[in-house]
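The next block holds one structure in the form of structure tokens; read it before the comments.
Letters A, B, ... mirror the listed sequences (proteins, then strands); counts begin at 1.
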There are 4 protein chains.
Amino acid sequence: MHPTAHHESSSTASGAASTRRRRKDARPSELLAAGLELFVDRGFAATRLDDVARRAGVSKGTLYLYFPSKEALFKAVIEDGMVAALLAAEERMAAHQGPAAELLHDLLLGWWQQIGSTALAGVSKLIISEARNFPEIADYYRERVISRGRALLRQALERGIDSGEFRPLHVEAAIDVIIAPLLMLAISRFSLRLCGHEVSPEAYLETHFELLLRGLRPAGDHP
Amino acid sequence: MHPTAHHESSSTASGAASTRRRRKDARPSELLAAGLELFVDRGFAATRLDDVARRAGVSKGTLYLYFPSKEALFKAVIEDGMVAALLAAEERMAAHQGPAAELLHDLLLGWWQQIGSTALAGVSKLIISEARNFPEIADYYRERVISRGRALLRQALERGIDSGEFRPLHVEAAIDVIIAPLLMLAISRFSLRLCGHEVSPEAYLETHFELLLRGLRPAGDHP
Amino acid sequence: MHPTAHHESSSTASGAASTRRRRKDARPSELLAAGLELFVDRGFAATRLDDVARRAGVSKGTLYLYFPSKEALFKAVIEDGMVAALLAAEERMAAHQGPAAELLHDLLLGWWQQIGSTALAGVSKLIISEARNFPEIADYYRERVISRGRALLRQALERGIDSGEFRPLHVEAAIDVIIAPLLMLAISRFSLRLCGHEVSPEAYLETHFELLLRGLRPAGDHP
Amino acid sequence: MHPTAHHESSSTASGAASTRRRRKDARPSELLAAGLELFVDRGFAATRLDDVARRAGVSKGTLYLYFPSKEALFKAVIEDGMVAALLAAEERMAAHQGPAAELLHDLLLGWWQQIGSTALAGVSKLIISEARNFPEIADYYRERVISRGRALLRQALERGIDSGEFRPLHVEAAIDVIIAPLLMLAISRFSLRLCGHEVSPEAYLETHFELLLRGLRPAGDHP
DNA sequence: AATGAATGAGTTTTCATTCAT
DNA sequence: TATGAATGAAAACTCATTCAT
């Protein structure tokens, strides 16, 4: 597992170089993954770099070859998670043209499939736990990730209201109310199962959507 | 478990040491309050006992007069918060007889007034952040606080379903979906304002309730 | 148990005064006794004044009423023990006129009865353990207690040699060799039973004396 | 139990890190030596780890690289001393066939040369001083070291009694009486010179042996 | 590039000592 | 006198960071 062990068997120059190149590039992501897991599990202060290094299969010194400090690693972990989340969001965003209800449904399920059920969900817990200790990160996250997600929902809601599919309502507040169950679902995976002991994520999300849809529907409009 | 229980040898004249006694009685709760603020703000590991002591206006040594370790203080802070939350919940619980919708409305608003808007809300963030580091606390919290709150909501929902006021639904999942926005509201006060930048808590809760009520209503049932 | 409690009931001046006087005088010896036990058991540094006070049945503050510091208490404990040991030795010393062997036997047994088997024996362990930390105490002890005990033995040995009862020998070395088993006996009572697991002190001392006597006897002199 | 056992990953070139390796291998014994000196001098509680580290020429943190706690260092110091003492005893044990008196003489002198006069003697003082604070250590020492030493002496005494060289006597008590002067000699080197101010260890031991031999001899048996 | 031994500043914890009552 | 709450200096212990190899 120690990359040092490859040095002896590097007979052909080109092969060796590419292997090492790949390793070098790969190392940070292994470190980021290890960092994410541990930071999410224990929080920033309680995570020891020793453990991060061990989990990534390198020595503590190596970690400092790639990140100048614990805080730098932490920020990189978050940023990395945010970029991925953003990309995931972007994909889902891609021109959805059906009725607003369908769009909404896709957004919720898409979030679960591409974020909520993946390691990215851990970033949310991290941000919530450490926001006060790293205000710049919180700010950054709010502007880059949250506001983007909110924009998606806002679009869907407004489209529905415009088309008469949804009744008029306090859009911003509604966005929050829609997001909250998603976040809690994500969070609960990394701390105690606050919500939904025996409730499956899918059932939970379906109920959420169902309630939501009926809640959004104009009075008197029902199938 | 509360250190307030140290009242053994009150043999000396009651008037004489009254000032000191008053101090001594007040100390634990002063320390708990200081601890709550800092733990919520920074998390367990990042909170320095020095700071807790200073905020409570005592020396570090004094802290150890009342709590044998940092962890003990932390647990006492949580426990204290839970007891208070439980008492607050109990009060609200007291015989509500109106229609289910009204009961639900009261529960949401009552939660905000007696928990969400107070320091007790911080305990939620604490639990979420530290659940993995203190599994016993998480277990205890889930069984003592959460399950109690869920029972309240379950009662209201089932009453509404039985009376035909609400349509039949996945009750447990619905409970989660109802609680989530409350928790997020509480949490957002102590970390980044994930939800509701410019949205007031009251507007937020009102929107939540409105959406909810319509979502719960049987199909075709509308004023 | 709190002397403060006597204040109210001090109706007759004389009675109250004498009670209090007796208490005041008695307190130091209670403290000294508590100190001796704990210092012997744990050593100077590992003994907490809290424990000493508690064992003596007073508060920690009271201790400081009688001794200005932990070290002062420690020295007082030793001194107190030494004075008592000295007095005990003095008594035994008093004109013994029989044959040297008998004198020697009496010295050994007397030591056991008046020192070795009492709390005073603990002082020896204390001195041995803390001599390096309290050189003045060690010096004082050596000059005041040890040299006195050695003088007793020297007297007995020289008397025996002069009378031809004992053969000539290296008196000072012999004194050490005679004393050592006594000290070890004392010490073993307060630490692990280095010598004499199942051997009773009396049997041990008798064997010591027997070996000694035969060892001292001139060659060819035997019953 | 020895921390020297850390030799896992010696995959790197043997020559390259040789200096560091040599250091790392030497560290534990350097620390043990420093610990022994200070613990013997001051006792467990009064010894500062800072001082131990400084004496070993390393920082406090380094100490924790090899021993997880002060107590662990202490136990390792004792254990290390005991192992060495045991090895030394083993050597002396090697088949001695001459008369019992000669065997006895060799045991006493051998003890002095290989234990009493070395740093190992300090372990005895340590055990005596700290036995009450570390009962497991005391038990271990009694079973592993003391009982072994006693067995050696028992063998010599019984051989002498069987051969008629020595008179019958209370063997166990005699063992104690024989050991005591040795222990006191060892102890006196590390605390006050209780015995033998001006008496040289050799003269002291010679006197001890002489007295002993005459004391053991059957009545009427003399050259 | 990678290692891991070493460091020391920073934290938790202890306890002799003080002092208002 | 007696108390015991409060203190703070000192000690044990942790861990991010450095650097020789």
Side-chain angles (χ1 to χ4, degrees), chain A residues 2-7 20 23-24 27 45-51 53 58-66 68-71 73, chain B residues 6 8-9 11-13 15-21 23-24 27 45-51 53 58-66 68-71, chain C residues 2-7 20 23-24 27 45-53 58-66 68-71 73, chain D residues 6 8-9 11-13 15-21 23-24 27 45-51 53 58-71:
Chain A
H2 272 211
T4 335
H6 288 279
H7 285 195
R20 207 173 328 153
R23 286 242 61 120
K24 178 182 182 335
R27 189 111 48 220
T47 295
R48 267 161 296 147
L49 289 190
D50 249 331
D51 293 338
V58 299
S59 76
K60 203 171 18 165
T62 300
L63 210 157
Y64 276 84
L65 245 38
Y66 296 94
S69 71
K70 187 184 185 182
E71 194 168 325
L73 171 64
Chain B
H6 281 278
E8 337 84 1
S9 59
S11 57
T12 43
S18 68
T19 301
R20 188 129 50 98
R21 168 62 43 88
R23 280 302 16 210
K24 159 134 205 187
R27 273 289 128 73
T47 297
R48 321 267 155 254
L49 288 189
D50 249 332
D51 294 338
V58 299
S59 75
K60 207 174 8 169
T62 299
L63 213 158
Y64 278 86
L65 235 46
Y66 296 91
S69 70
K70 187 183 182 181
E71 191 168 327
Chain C
H2 274 213
T4 334
H6 288 278
H7 284 195
R20 205 178 326 155
R23 287 240 61 119
K24 176 183 183 336
R27 187 110 48 219
T47 295
R48 268 161 294 145
L49 289 190
D50 249 330
D51 293 338
V52 176
V58 299
S59 76
K60 204 171 18 166
T62 301
L63 210 159
Y64 276 83
L65 245 38
Y66 295 95
S69 73
K70 188 185 186 182
E71 193 169 325
L73 171 65
Chain D
H6 282 279
E8 336 82 1
S9 59
S11 57
T12 42
S18 70
T19 302
R20 188 126 52 96
R21 168 62 43 85
R23 281 296 23 206
K24 160 134 204 189
R27 274 287 127 75
T47 296
R48 322 266 155 257
L49 287 189
D50 249 331
D51 294 338
V58 299
S59 74
K60 205 177 10 170
T62 300
L63 211 159
Y64 279 86
L65 233 47
Y66 296 91
F67 303 96
S69 71
K70 186 183 184 182
E71 192 167 326

Spell out yes or no: do the side chain of C:Lys60 and the base of F:dT3 have one donor N/O and one acceptor N/O closer than 3.5 Å?
no
Under 3.5 Å for both distances, Watson-Crick or G-U wobble, that's the pair rule; now give the dot-bracket for DNA chain E, with | marking pairs to another strand and [ ] for crossing ones.
.||||||||||||||||||||
So which nucleotide from [options] ends up closest to the side chain of [X]?
X	options	result
A:Lys70	F:dA16, E:dA1, E:dA6	F:dA16
B:Leu65	E:dT3, F:dA5, E:dA6	F:dA5
B:Tyr66	F:dA2, E:dA6, F:dA5	F:dA5
A:Val58	F:dC13, F:dA5, E:dT3	E:dT3
A:Ser69	E:dT7, F:dG8, F:dT17	F:dT17
C:Arg48	E:dT12, E:dT17, E:dC15	E:dC15

Atom pair distance, as rounded to whole Å: [atom1] in [X] and [atom2] in [N]:
X	N	atom1	atom2	answer
C:Leu63	E:dT18	CG	P	13 Å
A:Leu49	F:dT17	CG	P	7 Å
A:Asp50	E:dT3	CG	P	13 Å
A:Glu71	F:dA16	CD	P	13 Å

Tell me the closest heavy-atom pair linking [X] and [Y], and the distance in Å.
X	Y	answer
D:Ala46	C:Ala45	N-CB, 3.9 Å
C:Leu49	C:Leu63	O-CD1, 3.8 Å
C:Asp50	C:Lys60	OD1-CE, 3.3 Å

Who are the side-chain contact (heavy atoms from CB on, under 4.5 Å) partners of C:Ser59, not counting sequence neighbours?
C:Thr62
With sequence neighbours excluded, tell me which residues meet side-chain contact (heavy atoms from CB on, under 4.5 Å) with A:Ser69.
A:Glu71, A:Ala72
Rounded to the nearest 0.5 Å, what separation is found between the NZ atom of A:Lys70 and the CZ atom of A:Arg48?
9.5 Å
Any [X] side-chain N or O less than 4.0 Å from OP1/OP2 of [N]:
X	N	answer
B:Tyr64	E:dT13	yes
B:Ser59	F:dA6	no
C:Thr62	F:dT3	yes

Specify the residue among B:Thr47 and A:Gly61 whose closest nucleotide of DNA chain E lies further upstream toward the 5′ end.
A:Gly61
